[in-house]
Amino acid sequence: MKEEKKLPMYGVGPLYVAVVMAITAALIILHCCGVLASGAIGALGLRILFYILGGLLIAFGIVLWVLAVLVDKIDRDIESNKLKTTGIYAAVRNPIYAAFLYACTGALLCCANWWMLAAPVVFYLYLTVLMIFTEEKWLKAMFGQEYIAYCKTVNRCIPRFVKRGEHQ
C-alpha cells in the first residue's frame, strides 16, 4: 500500500522564527548597551515616527498571527492535506512568517536607530530563500497547478487585500 504524502506540521517555521527573534534580540541588546550608538536617530520628530511605525508593525504582526493561527486554524488544513487559500491566506501565502517579520521589524524600529534598518532586509531575504527551497517546493510537489496558480495571485509575505472574488 502506497503511503500518502503529508505536509510537515511546522515546516521550517521554528527555524525562521528562532533566527529572526535571536537577531532582533541581539540587535536590541547591542542598542541598549550603546554599541550601536552611532546609528541613534537624534531628531525627536523622526524618533517619534519610528516609534509609531514600529508599534503599528508589531500590532500588524500580532493581527496576522492571530488570523492565521486562531481564526483560520491552519493546523486543521495541514493535518488534512488541504491547501489553505481562504481567510488571511487569500491575502498572504505565509501569514505566520510574515507576522514575525513585521513584529520583529517593528521592535527594531522602536529602537530609532539607523543600523537596525538593515535587519528587516536580511529577514525578508532569509524568508524568501527559505520558502523557495523548502515549503514552496513541497507545496508545488503536493498541489501542483493549484499551488502555482495561487502563487500568481497571492504574495509570499506582503499582504495584498483584494475585493471578494478577485482571486477566483
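- No side-chain heavy atom of Tyr147 sits under 4.5 Å from any side-chain heavy atom of Met142.
- Using modelled atom types and a 3.5 Å distance limit, the side chains of Gln145 and Tyr150 yield no donor-acceptor pair.
- Considering only residues two or more places apart in sequence or on other chains, Arg47 meets the salt bridge (Lys or Arg N to Asp or Glu O under 4.0 Å) condition with none of them.
- Aromatic ring centres of Tyr16 and Tyr126: separated by under 6.0 Å.
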When the side chains of residues 52-72 are checked against the rest of the protein, which donor-acceptor pairs come out under 3.5 Å, sequence neighbours left out?
from	atom 1	to	atom 2	distance (Å)
Asp72	OD2	Ile88	N	2.7

Derivation of the side chain to side chain contact (heavy atoms under 4.5 Å, CB included) call for Leu130 and Leu127
CA-CA 5 Å; Leu130 204 58; Leu127 173 65; 5.7 Å; no

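- The CD atom of Glu136 sits 4.5 Å away from the CZ atom of Arg93 when rounded to the nearest 0.5 Å.
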Which atom pairs, one a donor and one an acceptor, fall under 3.5 Å between side chains of residues 104-117 and the rest of the protein, sequence neighbours left out?
from	atom 1	to	atom 2	distance (Å)
Thr105	OG1	Leu101	O	2.7
Asn113	OD1	Trp115	N	2.8
Asn113	ND2	His31	ND1	3.3
Asn113	ND2	Leu36	O	2.8
Trp115	NE1	Ser38	OG	2.9

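- In this structure Leu125 satisfies the side chain to side chain contact (heavy atoms under 4.5 Å, CB included) test together with Val121, sequence neighbours excluded.
- The distance from the CG atom of Leu139 to the CD1 atom of Ile148 is 11.0 Å, given to the nearest 0.5 Å.
- Every side chain to side chain contact (heavy atoms under 4.5 Å, CB included) that Cys33 has, sequence neighbours left out, goes to Ile29, Val35.
- Both Leu49 and Tyr102 are assigned to one and the same hydrophobic cluster, defined by single-linkage of ILVMFWY side chains at heavy-atom distances under 4.5 Å.
- Residues satisfying the side chain to side chain contact (heavy atoms under 4.5 Å, CB included) criterion with Lys137, sequence neighbours excluded, are absent altogether.
- Checked for salt-bridge contact, Lys82 and Asp77 miss the test: no charged N lies under 4.0 Å from a carboxylate O.
- Although no hydrogens or angles enter the test, the distance criterion places no donor-acceptor pair under 3.5 Å between the side chain of Arg156 and the main chain of Asn94.
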